[in-house]
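This report refers to the structure that appears directly beneath it.
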Amino acid sequence: MPNFWLMKSEPDVFSISDLERDRVTGWESVRNYLARNYMRDQMRDGDLALFYHSNAEPSGVAGVARVTGSPVPDPTQFDGKSPYFDPKSTRAAPRWQMVNVEFVERFPAVVPLARLRRERSLAKLGVLQKGQRLSVMPVTAKHFDIVVRLGRSLTGRSS
DNA sequence: GCCAACGTTGGC
DNA sequence: GCCAACGTTGGC
């Protein structure tokens with residue numbers, strides 16, 4: 001049984017369509033310790049994630065991705081030109097880890113946040129909780145299933 | 001653009 | 001170790 005997750009990305013930076021095109025990507029640039037710990041310590045090959053578009057119109061769940069392989073050091077921490085460069089990180093002891101994720105599914109349309117909020121059964125979904133802003137968070141199997149069903153039931157274009 | 005919520009930094 | 005100041009996230 002895989003674990004289930006929700007992973008946020010700003011679609012202006014990297015969207016579900018970008019993942020569909022690239023097939024696999026390193027989930028780089030996460031600079032929050034709890035989010036890092038989830039990736040480093042709890043994510044396993046084959047885990048499934050809701051791909052969430054944040055700072056978007058609309059924000060919401062755009063599709064599904066799968067964790068592939070094991071966590072690896074996030075290369076942006078070593079890149080002096082990157083905004084995510086971390087001068088305190090060394091290759092011997094990298095501070096930031098990431099996972100690779102591969103494309104699984106893009107919903108016919110984004111499931112908007114407002115739609116998720118209307119679903120009584122999702123009341124406890126992490127991303128709906130006030131003040132939470134973690135970019136990587138766990139999701140229960142039940143919640144994952146409900147959101148995926150919602151996503152697949154949508155019609156229309158866009159993402 | 002506003003602002004609530006939360007994380008991080010750094011003086012002490 | 002406390003905690004005020006500051007920075008970031010992200011919905012609206």
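Note: hydrogens, waters and symmetry copies are ignored here, and every other heavy atom, side chains too, is used. In what follows, every chain begins at residue 1, and chains take the letters A, B, ... in the order their sequences are listed.
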> What residues, two or more places apart in sequence or in another chain, satisfy salt bridge (charged side-chain N to carboxylate O under 4.0 Å, His left out) together with A/R66?
Replying inline: A/E102

> Taking all non-hydrogen atoms of both residues, which atom of A/S54 and which atom of A/P11 are closest, and how far apart?
Replying inline: O-CD, 3.1 Å

> Whole-Å distance between C/dC12 P and A/H53 NE2?
Replying inline: 17 Å

>> How many whole angstroms separate atom CG of A/D12 from atom P of C/dG11?
In response: 12 Å

>> Output the rounded distance in Å from CE (A/M137) to C1' (C/dG10).
In response: 11 Å

>> Could you check whether any side-chain N or O of A/Q77 sits under 3.5 Å from a backbone N or O of A/W96, counting only pairs where one atom can act as donor and the other as acceptor?
In response: yes

> Closest heavy-atom contact between A/G126 and A/M137?
Replying inline: C-SD, 3.6 Å

> How does each nucleotide of nucleotides 2-9 of chain B score, in 5' to 3' order, for protein heavy atoms under 4.0 Å: base (B), sugar-phosphate only (S), or none (-)?
Replying inline: ---BBSS-

> For A/N3, which residues count as a side-chain hydrogen bond (donor to acceptor under 3.5 Å, both in side chains) partner, sequence neighbours excluded?
Replying inline: A/D47

>> Distance check needed: C/dG10 P versus A/L134 CG, whole Å only.
In response: 9 Å

> Should A/D74 and A/R95 count as an ion pair when the cut-off is N to O under 4.0 Å?
Replying inline: no

